[in-house]
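We use all heavy atoms of the structure for the numbers below, so side chains are in, but hydrogens, waters and symmetry mates are not. Each ligand, and each atom within it, is numbered from 1 in the order the structure gives.
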Amino acid sequence: MDYDYKLKCSNKRVKVEDVYEFEGCKVGRGTYGHVYKAKPKAGTEEKDDEAKEYALKLIEGAGISMSACREIALLRELKHPNVITLNKVFLSHADRKVWLLLNFSEHDLWHIIKFHRNAKATSKPVDVAKGMVKSLLYQILDGIHYLHANWVLHRDLKPANILVMGEGPERGRAKVADMGFARLFNNPLKSLADMDPVVVTFWYRAPELLLGARHYTKAIDIWAIGCIFAELLTSEPIFHCRQEDIKTSNPYHHDQLDRIFNVMGYPQERDWEDIRKMPEFQALQKDFTKNNYVGSSLGKYMDKHKIKSDTKAFQLLQRLLTMDPNKRLTSSKAMEDPYFQEDPKPCADVFEGGPIPYPRREFLSDEDNEDKSSSKSATGGANSTHGPPVKRGRVVPPSTSSGTMNNYQKHHHQMTSMGMHSKSGSNQYTFN
Ligand code: ADP
């Protein structure tokens with residue numbers, strides 16, 4: 001390209017720091033970069049939107065190819081109440097940085113679940129709307145159904161990627177974030193071994209991926225939703241697994257598969273006929289002994305967490321966490337499940353008008369950043385703001401405790417976990 005033309009373009013290009021105020025407002029650090037709370041600057045066109053809160057996501061050193069550009073343009077077309085809005089993209093050519101302007105969301109499921117896990121460990125009850133888990137699941141499914149209908153696969157669903165709106169016009173609305181980013185910003189030429197070990201988690205990976213499946217599918221997203229649903233019901237990551245051997249580019253993860261079988265039981269061939277076609281089937285046969293998993297089942301695992309197998313919640317969970325991807329539920333079938341017809345019905349405000357017990361996002365200090373960047377070392381170190389810790393062990397080992405009703409009227413339960421709700425309510429799920 002001719003130099004003068006390039007210079008002209010670059011001078012015309014609006015710089016993110018010219019229009020948005022975000023210095024000192026870092027709220028998170030994730031797989032792809034840093035997230036800041038941002039406000040439009042005075043004297044800019046964007047100032048009209050002053051009341052609106054934004055999140056600026058910095059994707060460092062990603063650069064941008066033509067195909068990534070096309071894909072981001074597609075992501076900007078996506079509009080759904082349960083999908084985070086990507087308002088604008090700023091490209092900073094000099095340092096190969098990509099800035100994404102998103103709507104700001106005060107909460108996310110990683111922080112919400114952590115709050116419940118801590119409350120559980122200290123036996124502090126938390127007031128939550130009785131249909132909250134159901135509303136969250138319904139809205140996640142709705143968002144994913146929209147993405148899947150538009151042939152966008154998420155590829156990296158986990159609690160940190162499910163945002164929940166705080167006070168404001170969209171109060172208590174769940175939004176799927178980061179869809180398609182795993183493909184866009186993960187350098188395909190870089191093996192997992194070269195990636196920051198802090199931020200890769202396998203807990204939400206479907207068994208077919210761990211057995212070497214070559215392509216991402218809708219069913220892979222559904223498995224992750226099943227994992228999130230179980231985690232909402234129990235406050236514990238269902239397929240929690242130590243992540244010592246994270247530095248490997250091999251999709252086959254023995255320990256993660258072992259954890260899945262320990263919870264679910266070993267897959268029977270009649271349940272998953274095509275398992276023998278999986279690329280890592282040989283390794284599976286060599287490394288695993290079926291008999292070690294006799295007596296394990298999802299029913300038993302959930303029963304330990306006080307979720308009975310005869311509940312609609314359990315039955316839906318089982319259909320989402322079906323080992324054979326071909327038999328796994330689709331998002332549209334899941335949304336028709338009897339669980340959602342049963343009271344309490346899912347609501348647009350997952351908090352059902354009640355108080356929001358979770359703290360608002362805090363700004364991270366430079367110290368936090370240092371802590372986090374030092375954790376980038378190969379030894380793992382601390383967790384990022386949203387992911388599972390790698391070497392420090394579990395976040396807080398939760399003990400199970402059942403909830404008790406308080407008198408927070410018929411709309412709420414006082415519970416130590418977000419678990420099951422038994423009393424009926426009649427809130428209809430509606431979006432305006
Ligand atoms: P990852 O890249 O690992 O998926 P993110 O970078 O999306 O993680 O998120 C890092 C942190 O920033 C998380 O706590 C996440 O909830 C938060 N975050 C992401 N998007 C937004 C947003 N639109 N508004 C507010 N916080 C956000």
Side-chain angles (χ1 to χ4, degrees), residues 20 22 25-39 49 52-62 75-76 78 80-89 97-115 136 140 143 153-168 170-187 192 195-205 221 224 228 243 246 356 358-364 368-369 371-373 375-376 382-390 395:
Y20 290 94
F22 56 90
C25 301
K26 184 183 284 192
V27 289
R29 178 175 177 269
T31 318
Y32 309 107
H34 304 260
V35 179
Y36 299 83
K37 188 169 182 177
K39 265 186 177 262
D49 262 348
K52 228 172 149 189
E53 291 178 321
Y54 292 98
L56 267 172
K57 189 165 181 168
L58 163 65
I59 296 160
E60 264 172 336
L75 294 178
R76 286 192 57 197
L78 298 171
H80 186 275
N82 301 116
V83 172
I84 197 83
T85 310
L86 174 57
N87 299 291
K88 241 182 224 168
V89 181
K97 283 177 180 168
V98 179
W99 291 87
L100 306 177
L101 183 72
L102 305 151
N103 285 359
F104 181 78
S105 162
E106 195 66 76
H107 310 282
D108 62 73
L109 290 192
W110 190 81
H111 283 99
I112 289 178
I113 293 169
K114 188 173 100 169
F115 184 88
L136 284 168
I140 296 167
L153 303 176
H154 192 290
R155 294 153 199 265
D156 190 24
L157 276 168
K158 56 189 177 185
N161 282 337
I162 308 297
L163 306 176
V164 180
M165 303 300 278
E167 298 297 348
E170 291 192 289
R171 182 187 208 272
R173 186 172 284 176
K175 296 200 180 249
V176 176
D178 275 12
M179 53 278 166
F181 284 16
R183 187 154 75 112
L184 260 178
F185 302 117
N186 279 348
N187 186 343
L192 277 180
M195 276 175 65
D196 184 342
V198 177
V199 288
V200 183
T201 176
F202 294 98
W203 302 351
Y204 306 91
R205 284 212 173 171
D221 284 345
I228 295 171
Q243 304 195 27
I246 210 147
I356 304 177
Y358 313 110
R360 299 177 60 179
R361 287 188 195 278
E362 280 174 15
F363 294 137
L364 302 177
D368 287 324
N369 300 338
D371 181 27
K372 263 140 217 154
S373 48
S375 74
K376 272 188 170 181
N383 57 345
S384 65
T385 54
H386 71 290
V390 175
V395 184

Using non-hydrogen atoms of the residue, decide whether [X] is closer than 4.0 angstrom to ligand 1.
X: H34; result: no
X: A177; result: no
X: W110; result: no

Practice task
Enter the distance from I356:CD1 to E167:CD here, rounded to the nearest 0.5 Å.
Solution key: 4.0 Å
Practice task
To the nearest 0.5 Å, tell me how far Y20 OH sits from L101 CG.
Solution key: 4.5 Å
Using a 4.0 Å heavy-atom cut-off, which part of [X] comes near ligand 1: side chain, backbone, both, or neither?
X: A55; value: side chain
X: K37; value: neither
X: E106; value: neither

Within a distance under 4.0 Å of any heavy atom of [X], pick out the atoms of ligand 1 and give their elements.
X: F104; answer: 24 (N), 25 (C)
X: N161; answer: 4 (O), 7 (O)
X: L163; answer: 16 (O), 20 (N), 21 (C), 22 (C), 23 (N)
X: H111; answer: 14 (O)
X: G28; answer: 11 (C), 12 (O)

Exercise for the section: Please indicate whether any nitrogen or oxygen in D156 is less than 3.5 Å from any nitrogen or oxygen in ligand 1. Expected result: no
Practice task
Compute the shortest N/O to N/O distance between R29 and ligand 1 and return yes if it is under 3.5 Å, no if not.
Solution key: no
Practice task
Show your working on side chain to side chain contact (heavy atoms under 4.5 Å, CB included) between L86 and L78 and close with a plain yes or no.
Solution key: CA-CA 8 Å; L86 174 57; L78 298 171; over 6 Å; no
Exercise for the section: Only counting residues at least two apart or in another chain, list the ones meeting side-chain hydrogen bond (donor to acceptor under 3.5 Å, both in side chains) with E170. Expected result: R173, K175
Exercise for the section: Measure centre to centre between the rings of F22 and W99, then say whether the value is under 6.0 Å. Expected result: yes
Practice task
Applying side chain to side chain contact (heavy atoms under 4.5 Å, CB included), run through V89 and V98 and close with a yes or a no.
Solution key: CA-CA 7 Å; V89 181; V98 179; 4.0 Å; yes
Practice task
Identify whether NZ of Lys or CZ of Arg in K37 sits under 6.0 Å from the centre of the six-membered ring of F104 and within 45° of that ring's axis.
Solution key: yes
Exercise for the section: Kindly write out the residues that satisfy salt bridge (Lys or Arg N to Asp or Glu O under 4.0 Å) with R76, not counting sequence neighbours, or none if the list is empty. Expected result: none
Exercise for the section: Would you please classify the geometry between the Y358 ring and the H107 ring as parallel, tilted or perpendicular, with 30° and 60° separating the classes? Expected result: perpendicular
